[in-house]
Engineer: 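Below you'll find the structure I mean.
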Amino acid sequence: MTAVNQKERLERVIDALARATCQDYSHRVPVQDVDDELLELEVGVNMLLEDLERVSRQNAESLGEIERKNREIAERSALALRELATPIIVVWRGVLTLPVIGAVDTERSADMMDALLNKVVAEQATHVVIDLTGISVLDTRTADHFVRMAKAVRLLGASCYITGISPAIAQTLAQLSVDTSSARTVQKLSDALREVFHELGVVVRSSAA
Amino acid sequence: MALVRDAVADVLRNTSLVPVAARSIVTTLPSSAGGEVGSLDVVAGHDLLRYLAVGLRVFSSAPQPALLEELHRCLTGGQGFKPANRVLTVTSDHHVVTAQETAHAMLRGLFKPTDCIRVVTAVSELARNIYLYAQTGEVRLTMAEEPDWSLLFQVVAQDRGPGIPNLDEILSGSYRSKTGLGKGLLGARTLLDGLDIKTGPGGTTIKGFKKSRPPDLSRNP
């Protein structure tokens with residue numbers, strides 16, 4: 001076997017290193033059966049490449065793992081968010097409040113309607129307050145949805161208040177000529193609760209003299 | 001071309017501002033200041049100006065409208081910032097929400113809060129109509145700064161749906177829709193300064209616009 005000259009051997013080492021720079025760690029320096037200083041270099045580079053290949057494979061695996069976990073977390077939080085999205089609070093026996101926060105799409109509005117009506121039945125609610133403070137934009141469709149929701153609540157025998165409409169939204173709704181006359185609108189959640197308690201004969205007073 | 005950061009530093013250097021204050025303002029500018037002077041669109045540009053207004057208030061107590069105007073002039077060459085464009089595809093209900101959010105992000109701080117809600121609502125109506133009646137379409141939003149620094153927001157909603165057969169009836173307000181199309185379209189026209197509707201069997205293109213006076217740069221955002 002003719003020994004390859006030193007220059008060529010060095011070029012092979014450089015070639016392997018160049019491939020490694022481009023993240024191709026699978027290449028190895030061909031090793032001749034000649035025991036000299038260059039052999040140490042060649043073997044050393046190969047060992048290094050071996051390590052690099054192993055580490056990069058591990059990296060890729062853990063990256064995949066992290067991505068998978070991330071997706072899982074995102075899915076779980078989306079689910080949790082949807083559950084949290086319609087928190088219906090029983091503030092008093094028979095009195096429910098539904099604070100609406102963030103954007104309302106079709107799916108969420110259907111969920112909301114379902115959850116609220118079921119809760120009205122389950123709690124034998126007499127009063128429901130839908131609070132829209134957390135909503136920044138109400139277009140005709142979304143506004144219609146809340147008006148329908150109020151109607152449905154009334155069909156179940158409870159009275160329904162809509163609160164928390166900001167001045168900007170009020171102006172917009174007036175311009176849109178959305179008919180909200182079938183829903184009882186009150187400025188603040190607290191105002192609605194005061195009316196409800198008054199109707200129920202509940203007296204709220206400060207314990208301080 | 002000069003970087004935004006350097007241009008701002010140049011203007012601040014020639015003011016009564018103490019050098020350390022000027023330096024603090026410049027070093028804490030948001031990342032958009034790393035771009036070239038011409039690269040800022042009107043939304044990013046006014047974001048930066050609001051940021052500078054806060055900085056000036058913090059470091060020199062009195063609001064400095066003249067200085068802010070000079071910064072505006074220096075960042076735009078007096079021509080106004082270049083227009084901001086956003087293009088959104090509408091294929092699902094969720095995209096209506098995205099359209100609301102995108103429009104809101106463009107208008108916030110540039111239009112009065114009430115106008116902001118009006119325009120976002122109008123954009124929402126147009127996007128929702130695309131989804132409800134044409135299933136797919138596109139909403140293009142543009143914010144431009146006129147030479148007199150007043151602002152012009154434009155929305156173009158385009159689809160290849162079946163068209164609106166009873167447009168005249170809808171716009172006269174006599175049409176009562178079960179699904180809400182009439183109200184939404186009529187609403188969008190009321191909420192904006194102008195709405196131009198071209199519709200036919202091949203699809204619908206609706207262009208709307210809203211103008212606003214220049215935002216008060218020294219006002220608290």
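Reckoned from all heavy atoms, side chains included, excluding hydrogens, waters and symmetry mates.
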Engineer: Inspect the surroundings of CD in Q187(A) and state if more than 12 heavy atoms from other residues, nucleotides or ligands are less than 6.0 Å away.
Structural biologist: no

Engineer: Take atom CZ of R54(A) as the centre, draw a 6.0 Å sphere, and report whether it contains more than 12 heavy atoms from other residues, nucleotides or ligands.
Structural biologist: yes

Engineer: Inspect the surroundings of CD in Q124(A) and state if more than 12 heavy atoms from other residues, nucleotides or ligands are less than 6.0 Å away.
Structural biologist: no

Engineer: Would you say that more than 12 heavy atoms from the other residues, nucleotides or ligands in this model lie under 6.0 Å from the CD of Q6(A), or not?
Structural biologist: no

Engineer: Can you tell me if CD on E37(A) sees more than 12 non-hydrogen neighbours from other groups inside 6.0 Å?
Structural biologist: no

Engineer: Under 4.5 Å between any side-chain heavy atoms of T172(A) and L191(B), yes or no?
Structural biologist: yes

Engineer: Only heavy atoms, only distances under 4.5 angstrom. Which residues in residues 56-64 of chain A are near chain B?
Structural biologist: none

Engineer: If I compare all heavy atoms of Q171(A) with all of T114(B), which pair ends up nearest, and what's the gap?
Structural biologist: OE1-CG2, 3.4 Å

Engineer: Taking the side chain as C-beta and beyond, is there a heavy-atom pair between I169(A) and I117(B) under 4.5 Å?
Structural biologist: yes

Engineer: Heavy-atom distance under 4.5 Å to chain A: side chain of R128(B), backbone, both or neither?
Structural biologist: side chain

Engineer: Are the side chains of Q100(B) and D139(A) in touch, meaning some heavy atoms are under 4.5 Å apart?
Structural biologist: yes

Engineer: Minimum heavy-atom separation for L132(B) and R141(A), please, with both atom names.
Structural biologist: CD1-NH1, 3.7 Å

Engineer: Would you indicate whether R160(B), at its atom CZ, is surrounded by more than 12 heavy atoms from other residues, nucleotides or ligands within a distance under 6.0 Å?
Structural biologist: no

Engineer: In Å and rounded to the nearest 0.5 Å, what is the CG to CG distance from L186(B) to L176(A)?
Structural biologist: 9.0 Å

